[in-house]
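Read through the structure below, which is laid out as structure tokens, and then see the notes.
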Amino acid sequence: MIEVGDLTVTFGTGARAVRAVRGISFTVAEGESFGLVGESGSGKSTVLRAMAGLNRDWGGRMTVAGQPLGKTRARAFYRSLQMVFQDPFGSLHPRHTINDILGEPLKIHVIGDSETRILNALDEVGLGPEYRFRFPHQLSGGQRQRIAIARALIINPPIMLLDEPTSALDVSVQAEILNLLRRLRNEHRLTYILVSHDLSVVAHMCDRLAIMNAGRVVEQLSVERLRAHEPDHPYTKQLLRASLGYDRAAAENLEWFD
Amino acid sequence: MTEMAPRDGAQAGSEAGLRAWLLSSTPSSAFQARCQRVYLSWRSFSRNPIAMVGFLIILLLLVVAAFAPLITSGDGTSQVLQDRLLPPSAEHWFGTDQLGRDIFDRIIWGSRITLYIVALVAVIVVPVGLLVGTVAGYLGGWVDAILMRITDIFLAFPRLILALAFVSALGPGLENAVLAIALTTWSPFARIARAETLTIRNAEHILAARVQGASTGRILLHHVTPLCLSSVIVRLTLDMAGIILTAAGLGFLGLGAQPPLPEWGAMISDGRQYLLDQWWVPTIPGIAILVVSMGFNLLGDGLRDVLDPRSGEG
């Protein structure tokens, strides 16, 4: 479904160039949920942005549903791939009602019957029709993230890119959103690429994951191996240990991998 | 009496219903959602007494201009030479000028000219400024550089001087004055729109629109422009005073509205030789300009408090 080969992303030029992604490769099968894990600055979100066409300065190969991707994306491309952003307070237009926000993708892709589709989309993410004409500032963070998910789903894309969809939410709401995403994936046979720095989120959501550090994939492993605490690479082991809570010995023996 | 009471009750009931409709947390139509927004803005606006003074002055200007034929006895251009330079009286509230024309009538008819200038300038300046500013800010790079250098050129000249140059090139007249004022006024709007666009162009809701497949034109029109609009409107109302003064200045110099049109600046110019003996001839139009300019300024200050996204939840 998705193939990424030797992807590089560089910001800036010359001596000040920052090589955010340095040649990573992975494939994601149809219906699979793939996790990209890494600490801040490891380049995981940059990979998603390059896939979504938000960053044009990339090199390498990317193929989505058999179609090789170029630097610019045709409008039709976005019917096969949608993205949910990290910050539910920033990803909804402050002057648009929920109705406008959900209707926008339908207008862009010239899909009719918007009234039923909008009500369906609200229903699917567990919000009632009474939310339809509210403004984003009248909604809580979790409700806004539900709207963002509904907006991505309303044109029925087979692939969803999730950029830390729960990291801006508090813990109880995180679980609701994750369960919603799991349910939607089962119902619509969606393919997910989930970016997170939180190993437990990835373990809950994904079948397979890649660990990224400093722009490279250090290890790809299945969630079973992660749960069994059997990673191969020392960086993954260190990340796993860090995720178990504060440990003075681990903190003092912190290693840098580059 | 007995009949009045229930009717009052019903009226109070429907008023409460309207309030509930306007404040309901579950609007049932896009129309209701917009009305609620306007109503909440209006509530915070009407709590500001100074802004309300400005609003009432502008409202009065609009009403007076709309009903000018009903308020005045003539069209303000008919001359009665035996009634020259009469002081203010019950018959001529603001007196008469050197050609025996009623100054009250001329002020009222002049309000139409003032509104005409202000509206026409706004209609030209806001779209041009928004277009240049949002395109420059959103696309960046060489497009930004070229558009902003053009804007800088217009910003570099004092407004009245540049307007004078334009009018002397185009020829005197109201339309040319409007064109000249518009040409010298749009540049700050482009600057504001660009600054606002720069702050939001990498916001996630703009990125989200791009990922939905929206074209650049659609993003600029539906996503960027609505967020620039409030600062532009505030700036416009605050600029209105300057526009009116420039128009009056051009009129005073004989480059704006031509006689016998009752333009306020031209009226001051015509009457200035009578300032010492018949003070009302130039003073009344001067007061009119002052009051209207002040009204727009006060309104602009109030609107800034309501609309400025940085001063609270917008």
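Lettering of chains follows the sequences in order, A, B, ..., and the numbering in each one begins at 1.
Around the CG atom of B/Leu56, the shell of radius 6.0 Å holds more than 12 heavy atoms that belong to other residues, nucleotides or ligands. Counting non-hydrogen atoms of other residues, nucleotides and ligands closer than 6.0 Å to CD of A/Glu130 gives a total above 12. Counting heavy-atom neighbours within 6.0 Å of A/Arg19 CZ, excluding the residue itself, gives a total of 12 or less. Summarising the local packing, CZ of A/Arg183 is surrounded by more than 12 heavy atoms from other residues, nucleotides or ligands at distances under 6.0 Å. Counting non-hydrogen atoms of other residues, nucleotides and ligands closer than 6.0 Å to CZ of B/Arg149 gives a total above 12.
To the nearest 0.5 Å, atoms CZ (A/Arg95) and NE2 (B/His223) are separated by 14.5 Å. The distance from the CE atom of A/Met83 to the CD atom of B/Gln212 is 12.0 Å, given to the nearest 0.5 Å.
Closest approach of B/Arg210 to A/Gly53, counting heavy atoms only: NH2-O, 3.8 Å. Nearest heavy-atom pair across A/His93 and B/Pro226 is CE1-CB, 4.3 Å. When all heavy atoms of B/Ala208 and A/Ser91 are compared, the pair lying nearest together is CB-O, 4.1 Å. Closest non-hydrogen pair, A/Arg75 versus B/Gly213, comes out as CG-O, 3.5 Å.
Only the backbone of A/Leu92 comes within less than 4.5 Å of a heavy atom in chain B; its side chain stays farther off. Residue contact with chain B, scored on non-hydrogen atoms closer than 4.5 Å, is absent for A/Arg132. Contact annotation for A/Arg73: neither backbone nor side-chain heavy atoms come within less than 4.5 Å of a heavy atom of chain B. Looking at A/Arg49, only its side chain comes within 4.5 Å of chain B, counting heavy atoms on both sides. Proximity to chain A (any heavy atom under 4.5 Å) is restricted, for B/Arg218, to the side chain, taken from C-beta onward.
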Review point. Stepwise, does the side-chain contact (heavy atoms from CB on, under 4.5 Å) test hold for B/Arg37 with A/Phe135?
Key: CA-CA 9 Å; B/Arg37 231 189 141 71; A/Phe135 285 95; 3.5 Å; yes
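When the heavy atoms of residues 100-107 of chain A are compared with those of chain B, the residues falling under 4.5 Å are A/Asp100, A/Glu104, A/Pro105, A/Lys107, listed by number. Contacts between residues 157-180 of chain A and chain B, defined by a heavy-atom separation under 4.5 Å, are made by no residue at all.
When A/Asp87, A/Ile155, A/Asn99, A/Thr97 are compared by the number of non-hydrogen pairs under 4.5 Å with chain B, A/Asp87 comes out ahead.
For A/Tyr131, there are no ring pair (Phe, Tyr, Trp, His ring centres under 6.0 Å) partners two or more places apart in sequence or in a different chain.
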Donor-acceptor pairs are to be reported for all side-chain atoms of residues 128-136 of chain B against protein atoms at under 3.5 Å, with residues two or more places apart or in another chain.
unit_1   : atom_1 : unit_2   : atom_2 : d
B/Thr134 : OG1    : B/Leu130 : O      : 2.6
B/Thr134 : OG1    : B/Leu131 : O      : 3.4

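Remark: aromatic rings of B/His222 and A/His96 are distant, center separation not under 6.0 Å.
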